[in-house]
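A short write-up of the structure that comes next.
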Amino acid sequence: MAMVADEKIKVLLLGSGGREHALAKKLAESPHCEKLYIAPGNGGTAREGENVAIDENSSEAVVSFAQEKGVGLVVIGPEAPLVVGVADAVRAAGIPCFGPGLDGAQMEGSKKFAKDIMSKAGIPTAAYQSFTEATPAEAYVRELGAPVVVKADGLAAGKGVVVAQTEGEAVEAVRACFDGAFGDAGATVVVEECLKGPECSLLAFTDGKTVLPMATSQDHKRALEGDKGPNTGGMGVYSPVPIVTDDEHEAMVAMMNKAVAELDAEGIDYRGCLYGGFMLTEDGPKVLEFNARFGDPETQVILPRLKNDLVEVMMACATQTLAEVDLAWADEYAVSVVLTSAGYPGSYEKGKVITGIEAAEALEAVTVYHAGTAINEAGELVTSGGRVLDVTAMAPTFAEARERAYAACEKISFEGKTFRRDIGARALKGRAAWDE
Ligand code: AMP
Ligand code: GLY
C-alpha cells in the first residue's frame with residue numbers, strides 16, 4: 001500500500017558523507033517526515049535532523065534504536081552496512097528498509113558476482129577474468145595488452161582500480177593487490193579490457209520488480225585536472241549529462257531493467273537504489289560497475305533536481321509499490337564541485353577550520369553539502385575527511401550552473417582546500433572533447 005496523504009513517520013538514515021547530507025535534506029523536506037535521525041551523520045546532516053551516535057554497521061544497534069524510537073523507514077546510504085546485512089535485519093524486524101539485503105549488495109560487494117549477473121542477463125561489459133594468484137593474472141594482462149584495467153575484487157572506496165597505460169604498470173598493480181594494498185578486498189583481482197569513451201551514471205529506484213531510472217549524471221573520478229592522477233571517490237559531478245543520445249539512454253535503461261530482472265529471477269529481492277556506471281563506447285554503452293546504493297557525489301546533483309517526495313518514493317521501494325510512482329525532474333542543470341583536503345586520495349590532515357559556507361550559500365541556488373566535516377571542541381566547523389564539502393549549484397543552463405558552483409567555491413576557505421577547476425569542462429565543449 002502506498003502512503004496515505006497525511007501519514008507521518010520517523011525516518012532513520014545511515015551514513016555520514018555528502019551523499020547522506022543530500023539524502024537528509026530531501027527526506028527532511030517531506031511532509032511525511034515527522035522526525036529524521038542520522039547515524040552517525042556529519043556537521044551538515046545536523047542541520048537537517050538529529051545525529052545519533054550509533055554504529056551504522058551493527059544490525060543490533062540499528063534495529064534496537066529503530067524499535068525504541070518507533071522508526072517507520074530505515075534508509076541505508078553507504079555500502080558497508082549493506083554488505084554486512086543491516087537491511088536484512090531491519091526487514092526481519094518488520095521495519096520497511098530502503099537498501100538491498102546481503103545477497104543484492106553483492107552487485108557492489110563482489111565485482112565477480114556483478115560480472116556473472118551481467119553475463120547471464122546479456123548486459124554488455126568489458127571482457128575480464130578474475131584471479132587469486134599473480135602468475136595467471138600477469139599472463140592475462142599480457143594477453144589483453146595495455147591499456148588494461150586492474151581492480152581489487154572487494155570494496156575499496158572507489159580507489160581499488162588502476163587504469164594501467166603499460167603492461168608493466170598493470171603487473172605492478174596486480175602485485176600490489178596481492179601484497180595487501182587493499183587488504184582482503186584485493187585477495188581476488190579482476191583484470192579487464194580497457195574501455196574508451198565518456199562515462200555516465202544512471203541510478204534507478206527499484207522495489208525488485210519495477211525499475212524507475214533517475215536523471216543521468218557524470219562523476220569525475222580522477223584526482224587531477226584533465227582526468228589525470230589516481231582514482232578517488234569522486235571529485236565533481238553534474239546532472240543531466242547533455243552529451244548522451246536518446247539511443248544511448250534507452251540502451252542504459254534497458255540494461256538496468258535486465259539487471260533487476262536477472263536478480264529477481266535468481267530469487268534476490270532488491271529494494272533500494274541500483275547504480276549503473278556506464279562507459280559510452282563506440283559500440284554503445286557498456287557497464288563498468290554496479291553499486292548497491294546512491295552515488296557520492298552523484299546524489300548531490302540528482303536529488304536537488306527530483307521533484308517527488310523522497311519519503312514516498314523510498315517507502316514505495318521498501319514496500320514494493322513502486323509501480324504506483326512516476327518520477328519528475330526539474331529542467332535545470334546541477335553542478336557540484338568537491339572541495340578536498342590537500343593530499344586526498346592519499347594521506348591528509350584533519351581539523352582545519354572551515355569558513356565561508358554561509359557566504360557561498362547566499363549566492364543564488366547554491367547548496368553546500370557537508371562530506372567530511374565535524375564540530376571541534378571550540379564549536380568550530382572543521383575538516384574531518386578527504387572529501388570535505390560538495391558545492392552544488394543549479395541554473396537553467398549548464399554553463400551558468402558551473403559558473404555559480406565555482407563562484408561559491410571561491411567563498412569557502414580552509415587550509416589545504418583543493419579542487420578540480422575543470423568539472424564539466426569537456427561536456428561544455430561537446431562530445432568531440434572526449435577524442436582530444
Ligand atoms: P569502478 O569502481 O569499477 O567503477 O572503477 C572506477 C573507475 O575506473 C571508473 O569510473 C572508470 O573511470 C575506471 N574504469 C573502471 N573500469 C574500466 C574499464 N574497463 N575501462 C576503462 N576505465 C575503467
Ligand atoms: N561516485 C562514485 C560512486 O559513488 O561510486
Side-chain angles (χ1 to χ4, degrees), residues 15 17-20 22-23 77-80 82 105 107-115 118 124-130 140-141 144-165 170 173 177 182 185-186 189-203 214 216-224 227-239 273-283 285-303 336 338 340 345 369 371 386-387 390 423 426 434:
R19 163 185 52 214
E20 283 72 30
L23 286 163
E79 59 277 20
L82 296 171
M107 283 296 266
E108 171 162 9
S110 164
K111 296 202 188 285
K112 184 172 182 316
F113 176 92
K115 287 283 194 183
M118 288 187 251
T125 182
Y128 89 109
Q129 282 187 27
S130 61
Y140 190 58
V141 162
L144 287 179
V148 62
V149 181
V150 178
K151 303 181 176 185
D153 183 68
L155 294 175
K159 297 163 204 160
V161 176
V162 174
V163 181
Q165 296 306 319
C177 263
F182 303 108
V189 170
V190 172
V191 176
E192 72 177 39
E193 169 200 7
C194 186
L195 301 176
K196 271 191 66 184
E199 285 185 50
C200 180
S201 302
L202 182 67
L203 285 62
M214 299 183 216
T216 54
S217 58
Q218 188 178 61
D219 191 8
H220 295 61
K221 294 258 167 67
R222 300 298 194 94
L224 306 177
D227 292 325
K228 301 215 162 50
N231 265 323
T232 68
M235 297 295 292
V237 62
Y238 56 83
S239 173
C273 174
L274 181 65
Y275 168 127
F278 294 88
M279 190 78 102
L280 307 177
T281 76
E282 279 181 357
D283 304 323
K286 294 188 181 181
V287 171
L288 289 176
E289 63 165 346
F290 282 111
N291 292 321
R293 47 155 180 92
F294 273 91
D296 189 351
E298 287 87 339
T299 309
Q300 291 86 303
V301 288
I302 294 172
L303 289 187
S336 185
V338 180
T340 67
Y369 295 107
R387 292 192 286 176
D390 306 310
I423 301 305
R426 284 210 278 194
W434 270 267

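Note that ligands are numbered from 1 as they come in the structure, with each ligand's atoms numbered from 1 the same way. Numbers for residues simply follow the sequence, beginning at 1. All heavy atoms count here, side chains included; hydrogens, waters and symmetry mates do not. All of these numbers come straight from a predicted model, not from anything done at the bench.
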For Val148 and Val191, what are the C-alpha separation, side-chain angles and deciding distance, and is it a side chain to side chain contact (heavy atoms under 4.5 Å, CB included)? CA-CA 7 Å; Val148 62; Val191 176; 3.8 Å; yes
Between Lys115 and Thr125, a side-chain donor and acceptor under 3.5 Å: yes
Check: Tyr238/Ser217 side-chain N/O donor and acceptor closer than 3.5 Å: no
Hey, is ligand 1 close enough to Val161 that some N/O pair sits below 3.5 Å? no
Positive for side-chain contact (heavy atoms from CB on, under 4.5 Å) with Phe290, one of Lys111, Met107, Glu108: Met107
Numbered atoms and elements of ligand 1 in range of Glu199, under 4.0 angstrom, heavy atoms: 9 (C), 10 (O), 11 (C), 12 (O)
Under the 3.5 angstrom rule, does the side chain of Arg222 hit a backbone N or O of Met235 as a donor-acceptor pair? no
With distance as the sole test, does Arg387 use its side chain to make a donor-acceptor pair with the main-chain N or O of Gly233 at under 3.5 Å? yes
Contact atoms of ligand 1, heavy-atom distance to Met279 under 4.0 Å: 21 (C), 22 (N)
Numbering the atoms of ligand 1 from 1, which are under 4.0 Å from a heavy atom of Lys111? 2 (O), 3 (O)
Which donor-acceptor pairs under 3.5 Å do side chains of residues 276-283 form with protein atoms, sequence neighbours excluded?
unit_1 : atom_1 : unit_2 : atom_2 : d
Thr281 : OG1    : Asp283 : N      : 3.1
Thr281 : OG1    : Gly284 : N      : 3.4
Thr281 : OG1    : Gly284 : O      : 2.6

So the atoms of ligand 1 within less than 4.0 Å of a heavy atom of Glu192 turn out to be 16 (N), 17 (C), 18 (C), 19 (N)
Decide yes or no for Val237 and Ile423: does some side-chain heavy atom of the first lie under 4.5 Å from some side-chain heavy atom of the second? no
So does Lys112 pair up with Glu192, basic N to acidic O under 4.0 Å? no
Sub-4.0 Å atoms of ligand 1 with respect to non-hydrogen atoms of Asn231: 7 (C), 8 (O)
With a 4.5 Å limit on heavy-atom distance, are the side chains of Arg293 and Arg19 in contact? yes
Heavy-atom donor-acceptor pair, Ser239 side chain to Thr216 backbone, under 3.5 Å: yes
Output the set of protein residues with a heavy-atom contact under 4.0 Å to ligand 2, ordered first by chain identifier and then by residue number. Asp219, Lys221, Gly233, Tyr275, Asn291, Arg293, Gly295, Asp296, Pro297, Glu298
Here the atoms of ligand 1 under 4.0 Å from any heavy atom belonging to Leu195 are 18 (C), 19 (N), 20 (N), 21 (C)
Judged by non-hydrogen atoms, does Cys194 sit under 4.0 Å from ligand 1? yes
With heavy atoms under 4.0 Å as the rule, classify the contact between Glu193 and ligand 1 as side chain, backbone, both or neither. backbone
May I ask you to list the atoms of ligand 1 that are less than 4.0 angstrom from any heavy atom of Lys151? 3 (O), 15 (C), 16 (N)
